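Predicted model, so just to flag it, every value in this text is computed and none were measured.
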Amino acid sequence: MAADYFSKRKKKVLLVDLDQQSSATLFLKLNHKFEPEMPFFQSILNGDLSTSLCHVAENLDIIPGDVGMTRFDEFAFKLSSRDRFNVLEKLLKPFKDKYDYIILDVPPSRGPIVSNAVLATDYVVLVVQAQRGSYDMFLKSIGYLSELQQEYSSKHILIGIALYLVSKGSVTEKKISKEIKDKFNGILDHQIYYSERVKTWSDKGITHSNNINDKHTHKMYDDFFEEIVKRIEA
């Protein structure tokens with residue numbers, strides 16, 4: 001959604017799909033056809049990500065997800081303790097001046113892939129679903145970011161914590177949301193709610209129509225991303 005939002009506003013965007021499940025890649029393929037010259041992980045081994053770069057649409061490029069990234073951890077741990085978490089930062093450096101935004105989509109887990117993403121990025125947005133399991137994972141993520149700052153001098157800025165709510169009327173979600181807001185600063189004012197329209201998009205691709213459901217859902221995400229931009233520019 002972030003890649004769609006920024007590219008539609010004439011910002012040049014590179015989406016890097018680091019999730020082995022390739023959810024972001026599969027999502028974009030519902031609307032667009034693209035195939036990399038070389039799989040992502042092979043390009044990492046070769047030290048050149050340009051061979052995996054695909055043009056998707058106006059202002060939007062992607063380095064597609066690759067099941068071969070399941071081997072990234074093994075590859076990283078063969079490197080020195082200092083180098084194993086800086087692979088992505090070095091490989092993305094040639095692209096930084098070519099794009100307004102480079103968006104790193106990471107798997108919901110800890111490990112070398114996520115560590116590489118954090119050390120390569122300027123800003124981090126943490127998404128937490130207002131459910132107990134997600135909240136517990138979120139607390140671990142906060143601690144993990146702190147560890148990376150202390151041990152590897154990560155310069156990332158946590159610009160916000162995004163609440164994802166499945167139901168506006170859920171008592172449990174309201175309770176956990178309050179718990180998060182009471183305990184942490186930086187909660188984004190605009191929350192993301194479960195939407196049947198997004199479920200439809202995930203099956204048939206994103207649409208930008210005059211349909212009221214399209215408009216309502218895009219407005220929710222527009223407000224969310226506009227707040228993120230304001231925090232970056234503050």
Do [X] and [Y] come within less than 4.5 Å of each other through their side chains, counting heavy atoms only?
X	Y	answer
Tyr144	Ser115	yes
Leu139	Ile142	no
Phe225	Met220	no
Asp61	Lys98	no
Cys54	Pro64	yes
Phe224	Tyr5	no
Leu15	Ile63	no
Gln149	His156	yes

Looking only at heavy atoms, what is the nearest atom pair of [X] and [Y], with distance?
X	Y	value
Val128	Tyr135	CG2-CA, 4.0 Å
Ala120	Lys96	O-NZ, 3.6 Å
Phe27	Trp201	CE1-O, 3.4 Å
Leu60	Ser7	CB-CB, 4.0 Å
Phe77	Pro112	CE1-CG, 3.6 Å
Phe95	Tyr99	O-CD1, 3.3 Å

Atom pair [atom1] ([X]) and [atom2] ([Y]), whose distance is rounded to the nearest 0.5 Å:
X	Y	atom1	atom2	result
Ile44	Lys90	CD1	NZ	13.5 Å
Asp73	Met69	CG	CE	9.0 Å
Gln131	Asp136	CD	CG	11.5 Å
Ser109	Met137	OG	CE	8.0 Å
Leu104	Asp17	CG	CG	10.5 Å
Leu119	Ser154	CG	OG	5.0 Å

Could you check whether [Y] and [X], counting side-chain N and O atoms only, form a donor-acceptor pair closer than 3.5 Å?
X	Y	answer
Gln150	Ser146	yes
Asn211	Ser209	no
Asp4	Tyr221	no
Asp83	Ser80	yes

Looking at Phe34, is Lys29 sitting on its ring face, NZ or CZ under 6.0 Å from the six-membered ring centre and within 45 degrees of the normal?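 Yes, Lys29 and Phe34 form such a contact.
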When you check the gap from the basic side-chain N to the acidic O, do [X] and [Y] get nearer than 4.0 Å?
X	Y	value
Arg132	Glu179	yes
Lys199	Asp203	no
Glu227	Arg231	yes
Arg197	Asp214	yes
Asp222	Arg9	yes

Begin with the C-alpha distance, continue with both residues' side-chain angles, and end with the deciding distance and a verdict on side chain to side chain contact (heavy atoms under 4.5 Å, CB included) for Ile62 and Leu28. CA-CA 9 Å; Ile62 187 174; Leu28 284 179; 3.8 Å; yes
Checking Tyr194 against Tyr164 for the side chain to side chain contact (heavy atoms under 4.5 Å, CB included) test, could you report, in this order, the C-alpha distance in whole Å, the side-chain angles of both residues, the deciding distance, and whether it holds? CA-CA 7 Å; Tyr194 171 83; Tyr164 177 83; 3.5 Å; yes
Any side-chain to backbone donor/acceptor pair from [X] onto [Y]? Under 3.5 Å, distance only.
X	Y	result
Ser134	Ala130	no
Asp48	Ser43	no
Thr121	Val118	no
Asn86	Arg82	yes
Asp105	Leu18	no
Asp66	Pro39	no
Asn59	Val13	no
His218	Thr207	yes

Quick one: do Lys178 and Asp182 satisfy salt bridge (Lys or Arg N to Asp or Glu O under 4.0 Å)? Show the steps, please. CA-CA 6 Å; Lys178 184 178 184 305; Asp182 289 345; 2.7 Å; yes
Single-linkage hydrophobic cluster [X]~[Y], side-chain heavy atoms < 4.5 angstrom:
X	Y	answer
Phe138	Ile159	no
Leu30	Met1	yes
Val56	Val16	no
Tyr152	Leu91	yes
Val125	Val114	no

Does Tyr123 have its ring centroid less than 6.0 Å away from the ring centroid of Tyr101? no
Do Phe75 and Val87 pass the side chain to side chain contact (heavy atoms under 4.5 Å, CB included) test, and can you show the C-alpha distance, the side-chain angles, and the key distance before you say yes or no? CA-CA 10 Å; Phe75 158 76; Val87 174; 4.1 Å; yes
Going through the checks in order, is the salt bridge (Lys or Arg N to Asp or Glu O under 4.0 Å) test met by Asp223 and Lys219? CA-CA 6 Å; Asp223 291 342; Lys219 179 66 167 58; 2.8 Å; yes
So Phe40 and Leu49, side chain to side chain contact (heavy atoms under 4.5 Å, CB included) or not? Walk me through it. CA-CA 7 Å; Phe40 193 178; Leu49 295 184; 3.6 Å; yes
Under 6.0 Å from the NE2 atom of His216, do we count more than 12 heavy atoms belonging to anything else shown? no
